[in-house]
Number of protein chains: 2
Amino acid sequence: MSKTVNKQESPSTSRRRMQMTDIARLAGVSVSTVSRALSGSELISADTRERIQTLARQFNYTVNSVATNLRSGVKRTIAVVVPFEPGSRQSFADPFLHGMIGSLADALTERGYEMLLSRTDADRLDAVAALIDSGRSAGVILIGQWRHHDQLNAMAARGLPLVVWGAHLPHQDYCTVGGDNVRGGQLVAEHLLEQGRRRMVFLGDWGLPEVAQRYRGFVAGLRAGGIHLSAQQRMAVPFLAESGRQAMFTLIDSFPELDAVFACSDLLAMAAVGALRERKKQIPTDVAVVGYDDVELSAHFNPPLSTVRQPIHEAGAVLVDELLMLLDGKTPPPFALLETRLIVRESSRVP
Amino acid sequence: MSKTVNKQESPSTSRRRMQMTDIARLAGVSVSTVSRALSGSELISADTRERIQTLARQFNYTVNSVATNLRSGVKRTIAVVVPFEPGSRQSFADPFLHGMIGSLADALTERGYEMLLSRTDADRLDAVAALIDSGRSAGVILIGQWRHHDQLNAMAARGLPLVVWGAHLPHQDYCTVGGDNVRGGQLVAEHLLEQGRRRMVFLGDWGLPEVAQRYRGFVAGLRAGGIHLSAQQRMAVPFLAESGRQAMFTLIDSFPELDAVFACSDLLAMAAVGALRERKKQIPTDVAVVGYDDVELSAHFNPPLSTVRQPIHEAGAVLVDELLMLLDGKTPPPFALLETRLIVRESSRVP
DNA sequence: ACGCGAATTGCAATCGATTGCATAGCGTTT
DNA sequence: AAACGCTATGCAATCGATTGCAATTCGCGT
């Protein structure tokens, strides 16, 4: 390759990217001076500095942050990882994730970081280590711990800067941020009991730590009210609308007397409502439905959906702040429990 | 700064990242050899190669892609930019965007690219040029052209690798991918007329090119059926549920005889359904509602929402492929129109 | 006129990799 | 035995910036 050839040059896009040497040549100074001028160093006389900055602006020059990072060793990119179930690849579909990503994007932008969005096989969570090992990002924010607490602990042991949205578990060496899932489940149980419901069903994959905690809280709350949840009153389903629909049909068939549904995400709850309608059940008269997350659409659903609110906006900020603490060498609290409250709307309230 | 000090070192995270020199030392060879071995070069003897690869795996070493990119000049990061309205910052809330991001994430991952997700002020679209100028990404995929066709043309003129999801406009120097919005609007008009509706209202911000085209198609379709749309039969609203709700109330008040709503996104349509219910209108008996996008939830909404499907999965692939063509110096078609079809569900179909 | 410090600016090493070219080692051919 | 060729490896320049230190210029005191 000849030295004068410009990489990524192309017939149509033949303009080479401006670089510091170009500005230096134009200004008649050295690159050192340009570098310092652009970073606003006091070492450079005010008028040289200004002249160079004007020049840079004129030519749309921006310092190459890749080179800067390489030299300075400081990275301003954070990877946000959204795992997908290896079978369906569809985890991305839950609107809750969308809210989470938006919230993280905001929090990172505010603090001057870039966001690298990455999807990973939920069974190979440890693959995210490569994002850090390869220097692509300074740290990782992972949405959900899925079934691999162990892999996460291993990564934490390697000292990788990692913060996880999820449940706080025993023997946890990594840092989590999440809602109070047990409490959330309990609130739903109490509310449904209060509404006079007795024959509940539970929808959600309790193989996942967060869901497991919601389930535990729910069962505990029911037990306190003297109600027991039998094996036919629950179904383990992934966070997919169609799965929720099918599961709901199965539950209606096997437990037709049901009068309340607790779904572990609003998406599942909405799918459940759809399935119940198809079977001519009135919501909430025949069956009360409560979801989880309080995504934006829940309030506009028909009927408006009762749900457990997760403070998404705050979540992004806390996740980012804890990760930045880690990067800064400080030790963030091992877990943060965010406020969790029940929002009662029409889907579970009989007037 | 002393030479032995390790950047981003910290009390808790004191482990320096492995690098090529370390592997070289461990293997007793030079870095050149390691570099070649890890990239699988035939120049290195098979057994040295294997020995080095094993070593790298053992120590969790991954080549620093930042350094690689700097040297090779090839970047494998694409920026996906989601503009937000400067007032609300909320553009992120529409589930359509979520689908789009997921689809792009898939397409990019499949092709071995990373995705940098970035939010920008919709009034400063030209700010995305900095993503390229600064070398953070090789190219940009922008979701929507918003009100700044001019800024986009200027960027295209600078030769920036840019592909836009949106409407095909006259005098367009950049490359777009989008649905056939005019046709979409027209399909909705025809369908509503066929259902015997005559008093339609339109919900959506026609200041945005895509929406304007849907509006034009809709109006043209109505005109063909001998129907005229007066100024009180439309409202310009941003893609926000609450705005949609309020706009719907206003329309109901100013044009109470309405019997059909065409909303420019499913989010708006769902919000409209909510507002109509609050005013005791039956859907679809009293008022038919049609949305746009066919997001996943639309099928599970109550009633299931009629809508114009945008082929989101295909969209991501096409956007990415066109951008890669640009990066490759080829000239992609100036615009791609993806299949647009009407999905009729219960919200607009009287049995 | 000379010396000295302060204010500017430039030189060159460096970040962590890649790669053209040089070279070392070793077997073959004549 | 000399010459040659091939394979496997190392040297050193390079990507685009940053930064410690050296060098230059200039003003001013004596």
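Given the structure is predicted, the values throughout are model-derived calculations rather than measurements.
Comparing atom distances between the B:S32 side chain and each of C:dT19, D:dA17, C:dA17 picks out C:dT19 as nearest. Of the candidates D:dT18, C:dA17, C:dT8, the closest approach to any side-chain atom of B:M20 belongs to C:dA17. Among the nucleotides D:dG16, D:dA12, C:dA17, the one closest to the side chain of A:A67 is D:dG16.
When the P atom of D:dT18 is taken as reference, atom CG of A:L38 falls 8 Å away, rounded to whole Å. In this structure, CZ of B:R71 is placed 15 Å from C1' of D:dA17, rounded to the nearest angstrom. Between the CZ atom of A:R136 and the P atom of C:dG16 there is a distance of 17 Å, rounded to whole Å. Separating the CZ atom of B:R51 from the P atom of D:dA8 is a distance of 14 Å, rounded to the nearest angstrom. Distance B:I44 CD1 to D:dT7 C1': 10 Å, rounded to the nearest Å.
A:T33 and A:S30 share a donor-acceptor pair across their side chains, judged by distance under 3.5 Å alone. Between the side chains of B:Q172 and B:T176, a donor-acceptor pair is found at a separation under 3.5 Å. Side-chain atoms of A:H171 and A:N153 include no donor-acceptor pair closer than 3.5 Å.
At D:dT18, one or more side-chain N or O atoms of A:S35 fall inside 4.0 Å of OP1 or OP2 (strictly under the cut-off). The side chain of A:Y61 contributes an N or O atom lying less than 4.0 Å from OP1 or OP2 of D:dA17. Side-chain nitrogen and oxygen atoms of A:S72 include none within less than 4.0 Å of the OP1 or OP2 phosphate oxygen of C:dC15. Contact annotation: B:S30 does not reach the phosphate of D:dC11 (side-chain N/O to OP1 or OP2, under 4.0 Å). Phosphate proximity of D:dT18 to A:T68: present, with a side-chain N or O under 4.0 Å from OP1 or OP2. Side-chain nitrogen and oxygen atoms of A:T33 include none within less than 4.0 Å of the OP1 or OP2 phosphate oxygen of C:dT9.
Contact annotation for A:V66: no contact, since no heavy-atom pair falls under 4.0 Å across all strands. In this structure, A:T48 reaches the sugar-phosphate backbone alone: every heavy-atom distance under 4.0 Å involves primed, P, OP1 or OP2 atoms, never a base.
Using a cutoff of 4.0 Å between basic side-chain nitrogens and carboxylate oxygens, B:R147 and B:E85 are scored as salt-bridged.
Heavy-atom nearest nucleotides on DNA chain C were determined for A:E42 and for B:L43, and the one closer to the 5' end corresponds to A:E42.
Ring pair B:H149/B:Y174 is perpendicular by interplanar angle, where above 60° counts as perpendicular and below 30° as parallel.
Side-chain atoms of B:R36 and base atoms of C:dG20 include a donor and an acceptor less than 3.5 Å apart.
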